[in-house]
Number of protein chains: 2
Amino acid sequence: MKNRLRVLRAERDWSQADLAQALGVSRQTVNALETGKYDPSLPLAFKIADLFELAIEQIFERPSADNQSASND
Amino acid sequence: MKNRLRVLRAERDWSQADLAQALGVSRQTVNALETGKYDPSLPLAFKIADLFELAIEQIFERPSADNQSASND
DNA sequence: TCTTTTTGTAAAGCATGCTTGACTTAAACA
DNA sequence: TGTTTAAGTCAAGCATGCTTTACAAAAAGA
């Protein structure tokens, strides 16, 4: 799932460490998010959205509709 | 983190199993989300938002700003 | 050039998200 | 009353999110 973190951060001239501190997560987490290693949890996505004063949908790109089934009893 | 899943589901007269199937997750996952056992991943939150044609912010309530620090090198 | 800052990455470990299978209880209904 | 459907929950297990510590390499600045 792609995101605009690197751009939003660059617009503010923040380092990954700066952003990490503002979000209350580690620098490695910010790096992992920017390099697409994994997606944030929903609570962290909310923090990010709040910090940049944007909707979650404006920062994170919808995943490409997966179509995976779960057997469901 | 609270959410409006149970209400949105009730408005459509769906069972937890119906919703689970529409989302491609297990019934237990839907139940856990409704009963507040945990929050969905961001990709699942997007699926939910897409299904109900609402923004994530309209379904999930912002968490109460945690203020936890991470040591950061 | 030398030094500092920033970014990327890795490994180990703990917490959370989600699965399957199974069981219980209550409500709906024949 | 007996049967079925819906909801709640538990346990074990695997996948993902995030931590700390550590190191390497690129970029920025003296």
Side-chain angles (χ1 to χ4, degrees), chain A residues 1-52 54 56-57 59-73, chain B residues 1-52 54 56-57 59-73:
Chain A
M1 183 181 208
K2 282 193 172 175
N3 67 68
R4 307 207 309 125
L5 270 185
R6 191 181 297 266
V7 171
L8 293 169
R9 183 172 63 79
E11 284 173 356
R12 285 153 185 82
D13 201 29
W14 288 345
S15 67
Q16 291 182 347
D18 291 335
L19 176 54
Q21 187 175 9
L23 294 172
V25 298
S26 70
R27 179 182 68 81
Q28 287 79 351
T29 292
V30 168
N31 184 77
L33 296 178
E34 287 194 358
T35 57
K37 295 273 186 295
Y38 49 73
D39 299 319
S41 66
L42 186 56
L44 180 52
F46 265 104
K47 282 192 189 175
I48 293 170
D50 287 349
L51 179 62
F52 290 116
L54 291 169
I56 288 176
E57 289 84 353
I59 301 176
F60 299 92
E61 211 174 62
R62 292 186 143 52
S64 42
D66 240 11
N67 277 345
Q68 69 199 352
S69 57
S71 70
N72 248 341
D73 294 19
Chain B
M1 185 181 210
K2 282 193 174 178
N3 67 68
R4 308 207 306 124
L5 270 186
R6 191 180 297 266
V7 171
L8 293 169
R9 184 171 64 80
E11 285 174 353
R12 284 152 186 82
D13 201 28
W14 288 344
S15 66
Q16 291 182 346
D18 291 335
L19 176 55
Q21 187 175 11
L23 294 171
V25 298
S26 70
R27 180 183 67 81
Q28 288 81 348
T29 292
V30 168
N31 184 77
L33 296 177
E34 288 193 358
T35 58
K37 295 272 185 297
Y38 49 74
D39 298 320
S41 66
L42 186 56
L44 180 51
F46 265 104
K47 282 192 190 177
I48 294 169
D50 287 349
L51 179 62
F52 290 115
L54 291 170
I56 288 176
E57 288 84 352
I59 302 176
F60 299 92
E61 210 174 63
R62 290 184 146 53
S64 41
D66 241 12
N67 277 346
Q68 68 201 352
S69 56
S71 72
N72 249 342
D73 296 14

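Reminder, nothing fancy here: chain letters follow the sequence lines and each chain counts from 1. Nothing here was measured: the structure is a model prediction, and the numbers come from that model.
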Using whole Å, report how far [atom1] of [X] lies from [atom2] of [N].
X	N	atom1	atom2	answer
A:Leu23	D:dG17	CG	P	16 Å
B:Leu42	C:dC18	CG	P	10 Å
A:Met1	C:dG17	CE	P	15 Å
A:Gln16	D:dC18	CD	P	15 Å
A:Arg12	C:dT6	CZ	P	18 Å
B:Glu34	D:dA6	CD	P	13 Å
A:Asp18	C:dT5	CG	C1'	11 Å
B:Asp39	D:dG17	CG	C1'	13 Å

Quiz item: Hey, what do you get for CG (B:Leu42) to CD1 (A:Ile48), rounding to the nearest 0.5 Å?
Solution: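 So the CG of B:Leu42 and the CD1 of A:Ile48 are separated by 8.5 Å.
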Using side-chain hydrogen bond (donor to acceptor under 3.5 Å, both in side chains) as the criterion, list what pairs up with [X], not counting sequence neighbours.
X	answer
A:Thr35	none
A:Asn3	none
B:Thr29	B:Ser26
A:Asn31	A:Gln16

Self-check item: salt bridge (charged side-chain N to carboxylate O under 4.0 Å, His left out) contacts in which one or both residues fall within residues 6-17 of chain A, not counting sequence neighbours
Solution: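 Sorted pair list: A:Arg6-A:Glu34, A:Arg9-A:Glu34.
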Provide a list of protein-nucleic acid N or O atom pairs under 3.5 angstrom, restricted to nucleotides 9-15 of chain C.
from: C:dT9; atom 1: OP2; to: A:Lys37; atom 2: NZ; distance (Å): 3.3

Quiz item: Are any non-hydrogen side-chain atoms of A:Leu19 and A:Phe52 less than 4.5 angstrom apart?
Solution: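 Yes. Closest side-chain heavy atoms under 4.5 Å.
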Exercise. Would you mind telling me which of A:Leu51, A:Asp50, A:Asp18 makes a side chain to side chain contact (heavy atoms under 4.5 Å, CB included) with A:Leu23?
Key: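 Per the side chain to side chain contact (heavy atoms under 4.5 Å, CB included) rule, the option paired with A:Leu23 is A:Leu51, out of A:Leu51, A:Asp50, A:Asp18.
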Practice problem: Please state whether the phosphate of C:dT6, meaning OP1 or OP2, lies under 4.0 angstrom from any side-chain nitrogen or oxygen of A:Arg9. | Solution: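 False: A:Arg9 side-chain N/O out of range (4.0 Å or more) of C:dT6 OP1/OP2.
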Quiz item: Looking for any heavy atom pair under 4.0 Å, which part of the strands does A:Thr29 touch: base, sugar-phosphate only, or nothing?
Solution: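 Base, at least one base atom sits under 4.0 Å.
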Practice problem: Note down the inter-axis angle between the two ends of the helix from C:dT1-D:dA30 to C:dA30-D:dT1, five pairs each, to the nearest 10°. | Solution: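 For the helix from C:dT1-D:dA30 to C:dA30-D:dT1, the axes at either end differ by 40°.
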Quiz prompt | Nucleotide of D:dG8, C:dC18, D:dC18 approaching B:Ser41 most closely (side-chain heavy atoms) | solution =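 So the nucleotide nearest the side chain must be C:dC18.
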Exercise. Taking salt bridge (charged side-chain N to carboxylate O under 4.0 Å, His left out) as the test, write out the residues that go with B:Arg4, two or more places apart.
Key: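 B:Arg4 satisfies salt bridge (charged side-chain N to carboxylate O under 4.0 Å, His left out) with no other residue.
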